[in-house]
Amino acid sequence: MCIIVYKPTGVEIPAKTVWENCWSSNHDGIGLMYREKGKVRIKKGFMSLQAFEKELENLKRKTDLNA
(Lines give C-alpha, C1' and ligand atoms only; values in the text may rest on other atoms or scores of the structure.)
Protein backbone atom coordinates (compact mmCIF):
# COMPACT_ATOMS: atom_id res chain seq x y z
CA MET A 1 0.00 0.00 0.00
CA CYS A 2 1.26 3.48 -0.84
CA ILE A 3 2.05 6.12 1.70
CA ILE A 4 1.50 9.56 0.21
CA VAL A 5 3.19 12.65 1.65
CA TYR A 6 1.69 15.87 0.32
CA LYS A 7 3.80 19.03 0.41
CA PRO A 8 1.90 22.24 -0.39
CA THR A 9 3.52 24.98 -2.45
CA GLY A 10 5.74 27.21 -0.35
CA VAL A 11 6.20 24.64 2.41
CA GLU A 12 9.57 23.03 2.97
CA ILE A 13 10.16 19.42 2.02
CA PRO A 14 9.48 17.09 4.96
CA ALA A 15 12.39 16.28 7.25
CA LYS A 16 14.45 13.14 6.74
CA THR A 17 12.73 11.56 9.74
CA VAL A 18 9.40 11.65 7.85
CA TRP A 19 10.91 9.66 4.96
CA GLU A 20 12.51 7.23 7.41
CA ASN A 21 9.18 6.66 9.19
CA CYS A 22 7.37 6.10 5.89
CA TRP A 23 10.05 3.69 4.69
CA SER A 24 10.05 1.70 7.94
CA SER A 25 6.27 1.28 7.59
CA ASN A 26 6.33 0.32 3.90
CA HIS A 27 9.24 -1.35 2.10
CA ASP A 28 7.46 -1.60 -1.28
CA GLY A 29 9.42 1.24 -2.84
CA ILE A 30 9.28 5.00 -2.83
CA GLY A 31 8.79 7.67 -5.46
CA LEU A 32 7.98 11.32 -5.92
CA MET A 33 6.14 13.80 -8.10
CA TYR A 34 7.10 17.42 -8.61
CA ARG A 35 6.46 20.32 -10.95
CA GLU A 36 9.15 21.46 -13.33
CA LYS A 37 8.77 23.94 -16.18
CA GLY A 38 4.97 23.67 -16.11
CA LYS A 39 4.90 19.87 -16.19
CA VAL A 40 4.43 17.19 -13.56
CA ARG A 41 7.40 14.88 -13.32
CA ILE A 42 7.18 11.43 -11.76
CA LYS A 43 10.10 9.37 -10.51
CA LYS A 44 9.32 6.07 -8.84
CA GLY A 45 10.69 2.64 -8.16
CA PHE A 46 13.39 3.55 -5.66
CA MET A 47 13.80 0.34 -3.69
CA SER A 48 15.99 1.75 -0.95
CA LEU A 49 15.71 4.86 1.17
CA GLN A 50 19.29 5.75 0.27
CA ALA A 51 18.55 5.73 -3.47
CA PHE A 52 15.50 7.95 -2.92
CA GLU A 53 17.45 10.41 -0.76
CA LYS A 54 20.21 10.61 -3.38
CA GLU A 55 17.65 11.44 -6.08
CA LEU A 56 15.98 14.00 -3.83
CA GLU A 57 19.32 15.73 -3.23
CA ASN A 58 20.01 15.77 -6.98
CA LEU A 59 16.59 17.32 -7.63
CA LYS A 60 17.13 19.98 -4.96
CA ARG A 61 20.21 21.14 -6.88
CA LYS A 62 18.31 21.30 -10.20
CA THR A 63 14.92 22.74 -9.24
CA ASP A 64 13.17 24.57 -6.41
CA LEU A 65 11.16 21.81 -4.76
CA ASN A 66 9.74 24.21 -2.16
CA ALA A 67 7.99 26.37 -4.77
Side-chain angles (χ1 to χ4, degrees):
M1 180 63 70
C2 293
I3 298 173
I4 298 173
V5 177
Y6 169 70
K7 185 208 77 65
T9 300
V11 174
E12 288 189 29
I13 294 173
K16 182 177 181 175
T17 55
V18 173
W19 307 123
E20 292 170 339
N21 289 335
C22 290
W23 184 258
S24 68
S25 299
N26 180 7
H27 300 284
D28 292 330
I30 189 169
L32 54 93
M33 293 174 59
Y34 60 98
R35 267 185 307 187
E36 182 182 52
K37 299 177 184 174
K39 295 184 179 181
V40 174
R41 307 287 185 191
I42 300 170
K43 295 194 175 209
K44 61 182 184 172
F46 299 101
M47 298 309 293
S48 73
L49 186 57
Q50 293 78 19
F52 170 77
E53 289 173 335
K54 182 178 178 181
E55 181 63 24
L56 191 58
E57 289 304 315
N58 288 337
L59 284 173
K60 284 181 186 178
R61 287 191 281 279
K62 291 175 24 181
T63 188
D64 183 4
L65 298 178
N66 290 322

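Note that these values count all heavy atoms, side chains included, but never hydrogens, waters or copies made by symmetry.
A donor-acceptor pair under 3.5 Å is absent between the side-chain atoms of Asn26 and the main chain of Cys22, judged by distance alone. A donor-acceptor pair under 3.5 Å is formed between the side chain of Ser25 and the backbone N or O of Asn21.
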Worksheet item: Stepwise, does the side chain to side chain donor-acceptor pair (under 3.5 Å) test hold for Arg35 with Thr9?
Response: CA-CA 10 Å; Arg35 267 185 307 187; Thr9 300; 3.1 Å; yes
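Connection of Ile30 to Met33 is not established within any shared hydrophobic cluster, with ILVMFWY side chains joined at heavy-atom distances below 4.5 Å, either directly or through further cluster members.
Remark: Leu65 CG to Lys7 NZ distance equals 7.5 Å, nearest 0.5 Å. Atom CH2 in Trp19 sits 9.5 Å away from atom CD in Glu53 (nearest 0.5 Å). Atoms CG and NZ, on Leu59 and Lys43 in that order, are 5.0 Å from each other to the nearest 0.5 Å. With rounding to the nearest 0.5 Å, the separation of OH in Tyr34 from NZ in Lys62 is 5.5 Å. The structure places NZ of Lys54 at 14.0 Å from CG of Leu49, a figure rounded to the nearest 0.5 Å. Between Phe52 atom CZ and Leu32 atom CG the span is 5.0 Å, to the nearest 0.5 Å.
In terms of the side chain to side chain contact (heavy atoms under 4.5 Å, CB included) criterion, Met47 has no residue partners (sequence neighbours excluded). In terms of the side chain to side chain donor-acceptor pair (under 3.5 Å) criterion, residue partners of Glu57 (sequence neighbours excluded) are, by chain and number, Lys60.
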